[in-house]
Amino acid sequence: MEAPAPAAWQPQEEGFKEICGLLEHQISPTSTTDKFQIWQQLQHFSQFPDFNNYLAFILSRAEGKSVEIRQAAGLLLKNNLRNAYKTMMPAYQQYIKSELLPCLGAADRHIRSTVGTIISVVVQLGGILGWPELLQALITCLDSNDLNHMEGAMDALSKICEDIPQVLDSDVPGLPDRPIKIILPRLYQFFQSPHTSLKKLALGSVNQYIMLMLNQYLQGLFALANDQAAEVRKLVCSAFVQLIEVRPSFLEPHLRDVVEYILQVNKDGDDEVALEACEFWSAYCDAQLPPENLREFLPRLIPVLLSNMAYADDDESLAEAEEDESLPDRDQDLKPRFHTSRFHGSDSVEDDDDDIVNAWNLRKCSAAALDILSNVFGDEILPTLMPVVEAKLAASGDESWKDREAAVLALGAVAEGCIDGLYPHLSQMVEFLIPLLDDKFPLIRSISCWTVSRFSKYIVQESGHHKGYEHFDKVLMGLLRRILDTNKRVQEAACSAFATLEEEAAEDLAPRLEIILQHLMCAFGKYQRRNLRIVYDAIGTLADAVGAELNKPAYLEILMPPLIAKWQQLSNSDKDIFPLLECFTSIAQALGTGFSQFAEPVFQRCIAIIQSQQLAKADPVTAGFLYDKEFIVCSLDLLSGIVESLGGGIESLVSQSNLRDLLLQCCMDDVSDVRQSAFALLGDLARLFAAHLRPRLPEFLDVAAKQLNTPKLKETISVANNACWAIGELAVKVHQEISPIAMTVMSCLVPILQHSEELNNKSLVENSAITLGRLAWVCPEILSPHMEHFMQSWCIALSMIHDDIEKEDAFRGLCAMVRKNPSGALSSLVFMCKAIASWHEIRNEELHNEVCQVLHGYKQMLRNGAWDQYMSALEPPVKEKLLKYQV
């Protein structure tokens with residue numbers, strides 16, 4: 001196998017055949033030739049200078065040979081080059097490179113992939129500079145629009161990026177830019193490619209550079225960490241926060257250095273730098289990195305956080321805290337408010353704690369960090385925290401009031417996370433906090449209100465015994481005193497804290513209702529506009545908490561006249577009416593029939609507001625004001641509250657009004673919040689006044705069904721939820737009149753049940769299951785022929801619903817369909833049995849008997865051991881629950 005002049009290298013037929021034969025034996029699973037012997041022969045050939053040329057030739061040009069042989073030649077070439085490339089004759093190196101480039105666009109994917117691997121090895125050994133033609137060849141292939149060429153070049157590039165990313169990110173003499181800058185725009189273009197292979201290879205390649213850039217980025221950050229310019233240090237902190245949020249795993253190897261640095265700049269003389277550093281602690285905990293990485297730093301970190309929780313001298317709250325109640329609010333003092341539309345279902349939305357500081361600053365960020373650390377580490381932080389808190393609280397004198405205030409803030413911040421460790425000392429803490437409610441410094445009074453509210457759940461829990469009730473009563477009276485404070489900031493904190501206490505105490509407030517109402521209505525009479533909104537919230541929360549206890553003449557005489565006077569004073573387009581409408585909604589639901597004496601003017605006012613807003617939407621000039629959806633949403637929700645409370649008692653109001661036509665317009669509104677509240681009211685009206693809806697029933701049903709069949713269901717899931725519930729309520733009242741849309745609704749509900757995990761909305765799934773059951777109850781002949789398509793997912797959903805009347809209706813539908821088409825449920829019998837077993841007890845005797853008949857019917861249908869086979873698939877607790885149906 002002696003080669004002629006290297007420049008004109010050509011393979012000899014004999015050598016070509018011999019090497020191909022060896023490769024064929026090597027890869028053949030059935031070959032009888034000793035594999036070790038083959039390996040020895042190949043090793044022997046490797047000693048010939050041009051052996052690798054043969055391998056390159058076989059890979060690139062041996063068209064008559066199998067792909068497997070050509071690929072084996074390529075893999076052997078790759079391994080040989082790793083050891084021999086640098087010592088090869090330059091002419092042979094050039095020959096191999098010239099054979100590889102045309103193969104980038106080879107028809108066979110395996111050949112292209114092997115070529116890509118060899119190219120990466122050659123670049124690794126000789127660099128980009130040693131192969132000037134490569135870059136242009138790759139770019140030509142990438143720009144070719146031929147899939148084979150594009151994929152071949154991308155495959156080679158992805159391997160270079162993975163193995164030696166720095167090679168492409170280096171300066172190359174003769175090139176105007178680094179190779180990666182030329183290639184990256186093309187990689188980004190492939191993100192839009194219709195071909196998965198190209199998208200995958202491009203993204204994998206770019207990812208390698210992100211990691212490379214991140215390493216350089218991190219080195220740069222550490223170099224700038226102690227820069228003299230505060231703006232630079234701030235940006236360094238911001239970068240670490242972003243990295244911990246976006247790529248926490250990337251920072252993990254460097255975490256100790258990063259935490260040390262952040263801890264140092266958390267004490268920076270520049271508050272903005274310290275604030276940016278402080279953001280790191282919450283971001284770290286949110287990233288769910290291992291807590292132990294922070295544990296050793298807690299004894300140094302917690303005192304820093306407490307130190308930063310004291311008011312800064314230039315904090316705007318210090319000036320605001322001096323504002324007396326007699327000073328009218330400016331328009332800019334009034335924060336925008338957002339009403340939450342009415343929602344029928346089991347998913348509730350939790351309100352966050354009210355902000356204790358208006359502007360985000362170092363103080364608030366430090367408190368938030370302490371809060372989240374207490375939730376991660378719990379009582380572990382108390383041995384470090386409490387001595388510092390106690391020392392600050394013990395500081396006397398006017399000059400140290402900010403330290404005392406910060407200590408009270410710290411207690412409130414850890415109230416949730418450290419409650420196990422603090423609970424035994426609750427009595428002492430309450431005794432300590434109550435006098436602070438009357439402190440001479442308004443900001444100590446306001447923060448004490450907030451901290452007391454953070455412990456209110458536990459204060460209420462302890463009120464069952466004499467000492468605990470004493471504390472509860474002292475807290476209650478202390479907050480009521482602060483509600484009548486002359487300082488606006490304290491009024492706000494006290495009202496918000498009292499609303500929290502009301503939620504926890506609920507009916508326990510009943511014995512103190514008179515004095516509570518006297519204080520709240522006194523505040524109502526003296527508060528400026530901003531804090532008045534919080535009083536409305538406290539009154540509404542009180543009504544929700546005590547319910548029917550409020551329905552006593554003595555209480556109503558205190559509560560209603562001031563509210564009615566305000567109601568009459570405000571115009572239909574005054575935004576200050578929003579919180580009053582919400583407040584009335586809670587009062588109406590609490591009073592029940594006791595609200596009837598106030599119902600007519602409130603009902604008519606709501607109708608008038610909706611009408612005027614619909615006019616403003618169509619013609620603001622004629623209306624004289626701009627449309628605002630909040631007016632309609634609040635009015636619809638108040639009407640729902642009145643309907644729910646007074647039931648049939650307002651039939652004359654409904655029948656004499658144009659509510660039906662207004663409501664249909666609202667159900668078709670383009671604003672989802674309006675539709676959400678409109679369908680909630682439609683469902684409430686359907687329960688009691690279906691007859692009044694009949695003239696426009698087809699239109700109501702049509703628009704409700706459309707809410708379930710939208711490509712953007714996830715974005716309007718609460719609207720769909722309420723519409724679904726309303727259809728079910730209408731179905732059980734109008735019976736066969738629902739049949740024209742029964743199939744349409746079924747075809748919308750079934751996908752919701754089948755994709756319940758993706759939707760991740762418990763209420764919509766429950767309401768879909770119930771409404772499907774209600775439709776089946778009134779139209780079994782329409783739905784039963786299709787039941788085998790949805791029985792399994794429907795029964796799974798039914799088994800998740802708590803016992804109630806709505807579940808009873810759904811099971812009436814189940815029984816009705818099974819009677820019509822027993823074979824339709826056979827394939828889902830196990831799931832149906834589980835759904836039946838989900839009942840704690842079917843209280844309705846008629847339904848209980850129907851379920852028994854269904855089960856017995858299947859037992860008789862399934863003979864020769866088939867029934868027992870079905871039963872054996874059930875878990876023991878399910879079988880046990882089915883015994884009550886005598887099967």
**Message:** Before you tell me yes or no, could you show the steps for R687 and E729 under salt bridge (Lys or Arg N to Asp or Glu O under 4.0 Å), namely the whole-Å CA-CA distance, both residues' side-chain angles and the distance that decides it to 0.1 Å?
**Reply:** CA-CA 6 Å; R687 288 171 138 173; E729 291 295 342; 3.5 Å; yes
Assess, by modelled atom type and distance only, whether the side chains of [X] and [Y] contain a donor and an acceptor separated by less than 3.5 Å.
X: H110; Y: D108; answer: yes
X: W867; Y: Q860; answer: no
X: T585; Y: D637; answer: no
X: S197; Y: E151; answer: yes
X: K807; Y: S838; answer: yes

Between [Y] and [X], does any NZ, NE, NH1 or NH2 come within less than 4.0 Å of an OD or OE carboxylate oxygen?
X: E503; Y: K457; answer: no
X: K629; Y: D673; answer: yes
X: D670; Y: K617; answer: yes

**Prompt:** Got a second to check how far L147's CG is from S193's OG, nearest 0.5 Å?
**Reply:**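 L147 CG to S193 OG: 7.5 Å, rounded to 0.5 Å.
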**Message:** I'd like to check the salt bridge (charged side-chain N to carboxylate O under 4.0 Å, His left out) partners of D702; sequence neighbours left out, ordered by chain and number.
**Reply:** K706
**Asked** Is the centre of the H848 ring less than 6.0 Å from the centre of the Y885 ring?
**Response** yes
Donor-acceptor contacts under 3.5 Å from residues 811-829 side chains, at least two apart:
{"unit_1": "R812", "atom_1": "NH1", "unit_2": "D809", "atom_2": "OD1", "d": "3.2"}
{"unit_1": "R819", "atom_1": "NH1", "unit_2": "E850", "atom_2": "OE1", "d": "3.2"}
{"unit_1": "N821", "atom_1": "OD1", "unit_2": "S823", "atom_2": "OG", "d": "3.2"}
{"unit_1": "N821", "atom_1": "OD1", "unit_2": "G824", "atom_2": "N", "d": "3.2"}
{"unit_1": "N821", "atom_1": "ND2", "unit_2": "S784", "atom_2": "O", "d": "2.8"}
{"unit_1": "S828", "atom_1": "OG", "unit_2": "Q792", "atom_2": "N", "d": "3.4"}

**Item:** Qualifying salt bridge (Lys or Arg N to Asp or Glu O under 4.0 Å) pairs, either residue in residues 821-838, two or more places apart
**Value:** K834-E875
